Amino acid sequence: MYHSLTFGTKNTWDDWHLIPKSRPLINPPSVKDNLIEIPGGDGVLDLTTALAGRPLYKNRNGSFAFAVENGFREWASLYSEIMAYLHGQKMRLVFEDDPGYYYEGRFAVNAWQSDAQYSTIVIDYNVFPYKKELNSSTNEWIWDTFNFETGVIRYYKNISVSGSKTVLVIGSNMPTTIVISTSNANMSVTFNGITYALPKGPSVEKDVVIVSGENQLLFTGTGVVSIEYSGGML
């Protein structure tokens with residue numbers, strides 16, 4: 001009803017009775033463009049995707065303005081509480097309107113203004129360009145926040161391998177490395193035609209990057225494998 005936000009463990013309505021002055025949204029991230037002027041030539045040399053093969057993004061920056069009804073709490077006390085909890089701190093942010101994802105970054109109290117009817121507080125944010133999924137592929141699924149129209153069920157825990165087994169990982173918009181845990185040594189995974197040896201226990205292979213769509217991993221050996229993965233979106 002109030003389009004509330006949860007900063008860490010504090011909810012803007014339940015804990016502070018803050019009401020957004022407009023529906024809260026996170027500003028889009030700026031592209032890290034790399035344009036080089038061509039002396040004596042038309043246009044520019046666009047190297048924006050030269051290193052990563054895709055656009056890279058800066059952090060998202062902006063602010064939220066909230067109204068506080070006078071009389072809920074003495075304003076100086078509430079202001080100090082919010083400042084002590086939030087100002088300059090790094091934490092997660094979850095929107096009531098988008099409960100399956102979280103943003104992560106640093107937040108600050110910009111200003112507090114009061115008049116006869118209500119007070120206004122402005123909170124600044126500087127967050128990672130992608131919103132990340134709260135669900136992980138190795139955790140118990142959180143059905144209360146799952147979107148049955150757009151959500152993807154990922155559960156890649158305790159997969160038995162005897163000889164070889166192909167696992168299809170559905171990726172999201174955010175390129176992401178994964179943690180692969182194995183019960184035995186002498187196992188391997190093949191991804192995009194390249195085979196990587198896997199030690200016993202958890203490991204991260206930096207070249208195994210899950211991208212949007214279907215990602216095929218071929219495990220070889222004997223043992224139990226778990227893949228820890230959670231995606232993200234712009």
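Please read these numbers as outputs of a predicted model, since none were measured by experiment. Residue indices begin at 1 and follow the sequence shown.
Every residue two or more places apart in sequence or in another chain was checked for a ring-ring contact (aromatic ring centres under 6.0 Å, His included) with Tyr102, and none qualifies. Under the rule for a side-chain contact (heavy atoms from CB on, under 4.5 Å), Asn192 has no partner lying at least two apart in sequence or in another chain. Looking at residues two or more places apart in sequence or on another chain, you find a side chain to side chain donor-acceptor pair (under 3.5 Å) between Glu81 and Trp16, Arg73. By the side chain to side chain donor-acceptor pair (under 3.5 Å) test, Asn184 is found to be paired with no residue, residues two or more places apart in sequence or in another chain being considered. In this structure Phe107 satisfies the ring-ring contact (aromatic ring centres under 6.0 Å, His included) test together with Phe7, sequence neighbours excluded. Residues satisfying the ring-ring contact (aromatic ring centres under 6.0 Å, His included) criterion with Tyr103, sequence neighbours excluded, are Phe95. Annotation: side chain to side chain donor-acceptor pair (under 3.5 Å) contacts of Arg106 (sequence neighbours excluded): none. Taking Thr182 as the reference, nothing meets the side chain to side chain donor-acceptor pair (under 3.5 Å) condition, with sequence neighbours excluded.
Nearest heavy-atom pair across Thr120 and Lys21 is OG1-NZ, 3.7 Å. In terms of heavy-atom proximity, Leu198 sits nearest to Ser203 at CD2-OG, 4.1 Å. In this structure, Pro129 and Asn59 approach most closely via the heavy-atom pair CD-OD1, 3.5 Å. Residue Lys206 comes nearest to Thr177 through the heavy atom pair O-CG2, 3.9 Å, listed as atom of the first residue, atom of the second, then distance. Taking every heavy atom of both residues into account, Ser162 and Thr222 meet most closely at CA-OG1, 4.4 Å. Scanning all heavy atoms of the two residues, the minimum distance from Ser226 to Asn158 falls at OG-N, 2.9 Å.
A donor-acceptor contact shorter than 3.5 Å links the side chain of Asn215 to the backbone of Val211. Of the possible polar contacts, none joining the Asp124 side chain to the Val122 backbone as a donor-acceptor pair under 3.5 Å is found.
Summarising the geometry, atom CD1 belonging to Ile159 is positioned 11.5 Å from atom OG belonging to Ser183; distances are rounded to the nearest 0.5 Å. Atom-to-atom distance recorded for Lys132:NZ and Met174:CE is 5.5 Å, nearest 0.5 angstrom. With values rounded to the nearest 0.5 angstrom, Ile82 atom CD1 is found 9.5 Å from Ser77 atom OG. Taking CG from Leu18 and NE2 from His3, the interatomic distance works out to 14.5 Å, rounded to the nearest 0.5 Å. Here the OH atom belonging to Tyr79 is positioned 7.5 Å from the NE2 atom belonging to His87, to the nearest 0.5 angstrom. Atoms CD1 and OG, on Ile123 and Ser63 in that order, are 10.0 Å from each other to the nearest 0.5 Å.
In the hydrophobic clustering of this structure, Val209 does not group with Ile227; members are Ile, Leu, Val, Met, Phe, Trp, Tyr whose side-chain heavy atoms approach within less than 4.5 Å, directly or through other members. No single ILVMFWY cluster, assembled from side-chain heavy atoms under 4.5 Å apart, contains both Ile210 and Phe128. With hydrophobic clusters built from ILVMFWY side chains whose heavy atoms lie under 4.5 angstrom apart, Ile178 shares a cluster with Tyr196. Neither Val204 nor Val208 shares a network with the other; the hydrophobic side chains, linked directly or stepwise wherever heavy atoms of I, L, V, M, F, W or Y lie under 4.5 Å apart, form separate groups for each. A continuous path of Ile, Leu, Val, Met, Phe, Trp and Tyr side chains, each step under 4.5 Å between heavy atoms, connects Val161 with Val189, placing both in one hydrophobic cluster.
Partner of Phe66 under the side-chain contact (heavy atoms from CB on, under 4.5 Å) criterion, out of Ser4, Ser119, Pro20: Pro20 alone.
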| request: Could you walk me through whether Ser172 and Tyr229 pass the side chain to side chain donor-acceptor pair (under 3.5 Å) test, one step at a time? | output: CA-CA 10 Å; Ser172 65; Tyr229 168 75; 3.3 Å; yes
| query | Going through the checks in order, is the side chain to side chain contact (heavy atoms under 4.5 Å, CB included) test met by Glu205 and Ile180? | reply | CA-CA 8 Å; Glu205 177 52 62; Ile180 300 175; 5.9 Å; no
| request: Output, in order, the C-alpha distance, side-chain angles, deciding distance and verdict of side chain to side chain donor-acceptor pair (under 3.5 Å) for Ser212 and Asn173. | output: CA-CA 5 Å; Ser212 180; Asn173 183 240; 5.7 Å; no
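Residues Met91 and Tyr85 meet the side-chain proximity criterion, which asks for heavy atoms closer than 4.5 Å. When side chains are defined from C-beta on, Ser164 counts as touching Leu218, because their heavy atoms get closer than 4.5 Å. Contact annotation: the side chain of Phe64 never approaches that of Asn110 to less than 4.5 Å [non-hydrogen atoms, C-beta and beyond]. Side-chain contact between Leu93 and Leu5 is present, with heavy atoms from C-beta onward closer than 4.5 Å. By the 4.5 Å heavy-atom criterion applied to side chains, Thr176 and Tyr130 are not counted as neighbours. Side chains of Val225 and Met187 form a contact here, defined as non-hydrogen atoms less than 4.5 Å apart. Counting heavy atoms from C-beta outward, Leu78 and Trp112 have side chains that approach closer than 4.5 Å. With a 4.5 Å cut-off on side-chain heavy atoms, Arg60 and Asn126 do not count as touching.
Thr195 and Thr190 share a donor-acceptor pair across their side chains, judged by distance under 3.5 Å alone.
A cation-pi arrangement is absent between Lys165 and Phe219, since the terminal nitrogen or guanidinium carbon is not both under 6.0 Å from the aromatic centre and inside a 45° cone about the axis.
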Expected list for residues 38-46: side-chain donor-acceptor pairs under 3.5 angstrom, two or more places apart:
unit_1 : atom_1 : unit_2 : atom_2 : d
Asp46  : OD1    : Thr48  : N      : 3.0
Asp46  : OD1    : Thr48  : OG1    : 2.6

I'd like a table of donor-acceptor pairs (distance under 3.5 Å, sequence neighbours excluded) in which one partner is a side-chain atom from residues 22-35, with atom names and distances.
unit_1 : atom_1 : unit_2 : atom_2 : d
Arg23  : NE     : Asp97  : OD2    : 3.4
Asn27  : ND2    : Asn61  : O      : 3.0
Asn27  : ND2    : Tyr125 : OH     : 3.4

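Within 6.0 Å of atom CD1 in Ile36, more than 12 heavy atoms from other residues, nucleotides or ligands are found, so the atom counts as buried in its surroundings. Other residues, nucleotides and ligands place no more than 12 heavy atoms under 6.0 Å from the CD atom of Glu214.
Legend: ring-ring contact (aromatic ring centres under 6.0 Å, His included) pairs involving residues 17-50, not counting sequence neighbours, sorted by first then second residue: Trp13-His17, His17-Phe72.
Taking a 4.5 Å side-chain heavy-atom cut-off between Ile, Leu, Val, Met, Phe, Trp and Tyr, the cluster of Leu56 contains only that residue.
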